[in-house]
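The structure appears below as structure tokens.
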Amino acid sequence: MNTCDTIFDILVVGAGHAGIEAALAASRLGCTVAMLTHNLDTIGQMSCNPAIGGLAKGHIVREIDALGGAMGLNTDATAIQFRMLNASKGPSVRAPRAQCDKTAYRTRMKYVLETAPNVRLFQGDVVQLLTNTNQQVTGAITSLNYTIHAKSIVICSGTFMQGLLHVGLQNVVGGRMGCAPSSLSKNLAELGFQIERLKTGTSPRVNGRSINFEKCELQPGDDIPALFSYRSRQLLKRENEPYCTLNTWADDNFQAKQLPCWITYTSEITHQIIRDNLKYSPLYSGVIEGIGPRYCPSIEDKIVRFAEKTSHQVFLEPEGKHTEEFYLNGVSTSLPYSAQCEFIRTIPGLENAQLIRPGYAVEYDFCPPTQLHPTLETKIIENLYFAGQINGTSGYEEAAAQGLMAGANAALKVMGKQPLILHRNQAYIGVMIDDLVTKGTDEPYRMFTSRAEFRLLLRQDNADLRLSPIALEYGLITADEFKSTSDKLQAINDGIEKANHIKYEGVSLNTWFKRPGNDWTQLPNEIKEMFHVEHLDAIATDIQYEGHIERQKKQAEKILKMETRTIPSEIDYESVHALKKEAVIKLSKIRPTTIGQASRIPGITPADIALLLVYLQKRS
């Protein structure tokens with residue numbers, strides 16, 4: 001058996017969006033990192049549509065960036081269209097989204113990893129994890145019988161564990177089309193982990209030269225792009241960026257050349273063809289066992305579940321600046337290839353569409369995330385962390401956020417430091433991880449703004465103000481990187497104070513902002529110029545929603561008291577007097593670390609929490 005001479009601090013298995021952020025977070029904290037992936041040429045691959053952000057997801061990307069992560073910066077560097085969703089709605093539900101150049105995104109991300117300090121890349125597949133007698137992970141054996149020793153391991157396996165691809169009633173093993181699967185879940189089962197199955201899918205791609213865009217609705221990007229990263233306008237310079245970078249925002253006079261997307265619609269004829277072919281669908285013929293994403297259904301699902309609808313939107317999204325390939329967002333499918341060709345050509349603008357790649361479903365193993373601590377460390381094996389779709393989530397953004405948290409916590413534990421745990425009132429990332437480890441999931445988990453109790457506190461425009469101080473405290477960003485956040489906070493506070501003393505239309509600007517229908521864009525230029533114009537939106541929002549924000553802060557403080565009341569890990573719930581059997585079973589399975597987490601376990605009642613508090617008081 002060949003063995004790597006180095007004992008790494010962290011081994012990251014997988015180089016998708018979770019693995020990238022895990023490796024870079026550990027690297028920023030000063031740990032040595034080995035990164036192992038099936039194929040080094042598919043680092044950061046966008047297996048589905050090449051877009052980052054969207055509702056709630058855009059919030060997460062901004063949070064990743066505030067914690068020093070790479071996703072936002074890489075998106076700004078390689079995006080071909082920027083849009084702010086819900087721009088006309090309230091500030092808590094606005095969200096940035098960008099269409100990326102798929103090839104440029106993965107090429108630049110590979111360069112970022114290759115040049116990151118203390119990161120070493122390996123190509124291969126893990127077949128066995130090594131553990132000692134103390135149930136601690138110590139390394140991994142690859143399919144080439146090569147051993148990598150590490151003090152901690154982060155598994156970011158995506159959809160590759162026992163992956164099975166479906167096109168009609170035909171299937172082939174694979175993590176995604178053209179890529180081999182992983183057998184790692186067999187070893188995880190041997191180690192005692194619960195393994196379940198999930199399903200997701202992707203849409204067909206067509207040749208853009210075969211699309212009649214005159215029959216489609218134009219969807220341009222925003223005139224003033226809303227960037228994801230707070231660092232893009234300082235760091236992205238042509239002189240220090242690789243050739244694959246499309247947008248160098250830090251260069252003088254740079255103007256992004258955005259590409260349009262397009263919208264078209266399915267028809268009754270489309271739906272009838274799909275209904276006629278349902279008998280060949282692996283989902284409806286019983287071939288697929290895994291549960292699919294409820295909030296991102298296949299076109300077959302839409303036709304069956306929403307039978308009353310006569311049409312569905314289809315977004316035609318370019319996959320890059322130097323390709324004619326278009327992604328058909330909205331028609332994820334696993335129907336036979338011939339059926340896909342037939343129904344797609346009934347969609348206006350796609351009558352002569354040439355399919356480049358068929359849509360397909362992928363079924364894969366995952367580990368229910370109630371087997372994890374809030375740090376994303378597993379409860380069964382110490383120093384082993386899971387991140388991304390292995391935890392039952394869907395989406396690049398959700399995976400990247402978990403990867404960052406798992407990589408950071410793995411590194412912090414190796415360094416003997418306190419773990420990084422974000423609470424529900426601090427970040428969407430905190431909401432997501434708490435949902436996963438407390439409630440689990442039986443379908444691919446997707447982040448929504450509705451999952452957060454404190455949406456007005458967790459806006460996409462204040463992610464840096466919320467999380468950069470935490471990132472600085474834990475060493476995920478430097479003092480120099482934090483300075484821009486500090487300057488921004490000072491500018492906003494100064495602006496709010498200044499608004500109290502400026503008169504407009506007979507009242508203070510503070511009062512004027514709170515009147516319905518008033519917006520900072522309506523102010524005359526001589527007043528706008530009294531402020532830092534780039535922060536005027538944040539200043540106006542804080543003034544307009546001052547009362548609501550204060551109420552949410554007070555609610556969050558009350559909940560935080562529950563969060564800080566810890567529960568000993570060795571507690572025997574059978575000994576809690578009068579606690580009902582259902583509560584004993586659920587608490588024993590999840591083993592919550594705080595009263596707050598215990599209160600969010602499905603089926604746990606306020607009465608159960610009251611009994612638990614009495615028990616803890618007597619014990620103390």
Side-chain angles (χ1 to χ4, degrees), residues 131-137 152 188 191-196 367-387 391-392 402 405-406 408-410 412-414 416-426 429-442 445 453 555-620:
T131 58
N132 60 23
T133 55
N134 295 323
Q135 289 295 88
Q136 297 170 321
V137 76
S152 191
L188 293 175
L191 291 171
F193 288 97
Q194 178 187 352
I195 309 291
E196 302 287 348
C367 297
T370 51
Q371 300 173 95
L372 304 176
H373 296 295
T375 59
L376 298 181
E377 183 182 21
T378 69
K379 296 173 181 177
I380 296 176
I381 304 295
E382 191 177 353
N383 301 329
L384 178 63
Y385 296 75
F386 292 165
N391 292 336
Q402 293 170 70
M405 297 300 289
N409 279 315
L412 289 166
K413 188 169 183 182
V414 166
K417 296 184 177 181
Q418 289 296 308
L420 171 58
I421 298 174
L422 297 174
H423 298 301
R424 297 179 73 90
N425 65 312
Q426 291 178 308
I429 295 173
V431 174
M432 173 181 63
I433 292 177
D434 182 67
D435 280 351
L436 292 171
V437 303
T438 303
K439 302 174 184 177
T441 186
D442 57 4
Y445 178 100
E453 304 91 325
Q555 292 171 355
E557 287 169 4
K558 290 180 181 178
I559 290 177
L560 190 58
K561 291 179 182 177
M562 295 275 279
E563 290 293 343
T564 54
R565 184 67 189 274
T566 59
I567 301 174
S569 59
E570 73 280 1
I571 187 173
D572 178 12
Y573 290 102
E574 294 277 3
S575 63
V576 179
H577 179 68
L579 194 62
K580 63 181 186 289
K581 188 66 176 176
E582 180 189 4
V584 170
I585 293 171
K586 290 188 173 183
L587 290 166
S588 299
K589 178 183 178 182
I590 303 297
R591 304 212 69 82
T593 58
T594 66
I595 289 292
Q597 186 187 357
S599 69
R600 292 187 292 274
I601 297 174
I604 298 298
T605 66
D608 299 327
I609 296 300
L611 290 170
L612 186 54
L613 285 169
V614 170
Y615 174 82
L616 292 175
Q617 186 64 34
K618 288 181 178 178
R619 176 182 167 127
S620 63

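We count residues from 1, following the sequence as given. All of these numbers come straight from a predicted model, not from anything done at the bench.
Note that OG of Ser599 and CD1 of Ile604 are 9.5 Å apart. Values are rounded to the nearest 0.5 Å. Separating the OG1 atom in Thr378 from the CG atom in Leu191 is a distance of 9.0 Å, to the nearest 0.5 Å. The CE atom of Met432 sits 11.5 Å away from the CZ atom of Arg424 when rounded to the nearest 0.5 Å. The line from CD1 of Ile595 to CD1 of Ile567 is 4.0 Å long, rounded to the nearest 0.5 Å. How far OG1 of Thr438 is from CD1 of Ile433: 10.5 Å, rounded to the nearest 0.5 Å. Taken to the nearest 0.5 Å, the CG atom of Leu412 stands 10.0 Å off from the OG1 atom of Thr375.
Between the side chain of Asn132 and the backbone N or O of Asn134, at least one donor-acceptor pair lies under 3.5 Å.
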Quiz prompt | Residues Lys586, Lys589; criterion side chain to side chain contact (heavy atoms under 4.5 Å, CB included); working and verdict | solution = CA-CA 5 Å; Lys586 290 188 173 183; Lys589 178 183 178 182; 5.8 Å; no

Practice problem: Step by step, work out the side chain to side chain contact (heavy atoms under 4.5 Å, CB included) result for Tyr573 and Arg591. | Solution: CA-CA 9 Å; Tyr573 290 102; Arg591 304 212 69 82; 4.0 Å; yes

Quiz item: Would Ile585 and Glu582 satisfy side chain to side chain contact (heavy atoms under 4.5 Å, CB included), going step by step from the backbone distance to the final call?
Solution: CA-CA 5 Å; Ile585 293 171; Glu582 180 189 4; 5.9 Å; no

Exercise. Would you check, one step at a time, whether the test side chain to side chain contact (heavy atoms under 4.5 Å, CB included) holds for His577 with Val614?
Key: CA-CA 9 Å; His577 179 68; Val614 170; over 6 Å; no

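A salt bridge does not link Glu453 with Arg600: every distance from a Lys NZ or Arg NE/NH1/NH2 to an Asp or Glu carboxylate oxygen is 4.0 Å or more. Salt bridge status for Lys439 with Asp434: absent, with no side-chain N to carboxylate O gap under 4.0 Å. Electrostatic pairing of Lys580 and Glu574 does not count as a salt bridge here, judged by no charged N lying under 4.0 Å from a carboxylate O.
Contact annotation: the side chain of Pro568 approaches that of Arg619 to within less than 4.5 Å [non-hydrogen atoms, C-beta and beyond]. The shortest distance between side-chain heavy atoms of Asn383 and Lys413 falls below 4.5 Å. Contact annotation: the side chain of Ile571 approaches that of Leu616 to within less than 4.5 Å [non-hydrogen atoms, C-beta and beyond]. With contacts defined as side-chain heavy-atom distances shorter than 4.5 Å, the pair Thr566/Thr593 does not qualify. Counting only heavy atoms from C-beta outward, the side chains of Leu587 and Ile601 approach each other to under 4.5 Å. Contact check for Glu382 versus Val137: no side-chain heavy atoms found under the 4.5 Å cut-off. Pro369 has its side chain within reach of Thr441: a pair of non-hydrogen atoms, C-beta onward, lies under 4.5 Å apart. Within the 4.5 Å cutoff, the side chain of Asp608 has heavy atoms near those of the Leu579 side chain.
When every heavy atom of Ala598 is checked against every heavy atom of Leu612, the shortest pair comes out as CB-CD2, 4.5 Å. Taking all atoms of both residues into account, the shortest heavy-atom contact from Tyr445 to Val431 is OH-O, 4.3 Å. Taking all atoms of both residues into account, the shortest heavy-atom contact from Asn409 to Tyr385 is O-OH, 3.5 Å. Closest of all the heavy-atom pairs between Asn391 and Gln402 is ND2-OE1, 2.9 Å. Heavy-atom minimum distance, Pro374 versus Val437: CA-CG2, 4.3 Å. Closest approach of Cys367 to Leu188, counting heavy atoms only: SG-CD1, 4.1 Å.
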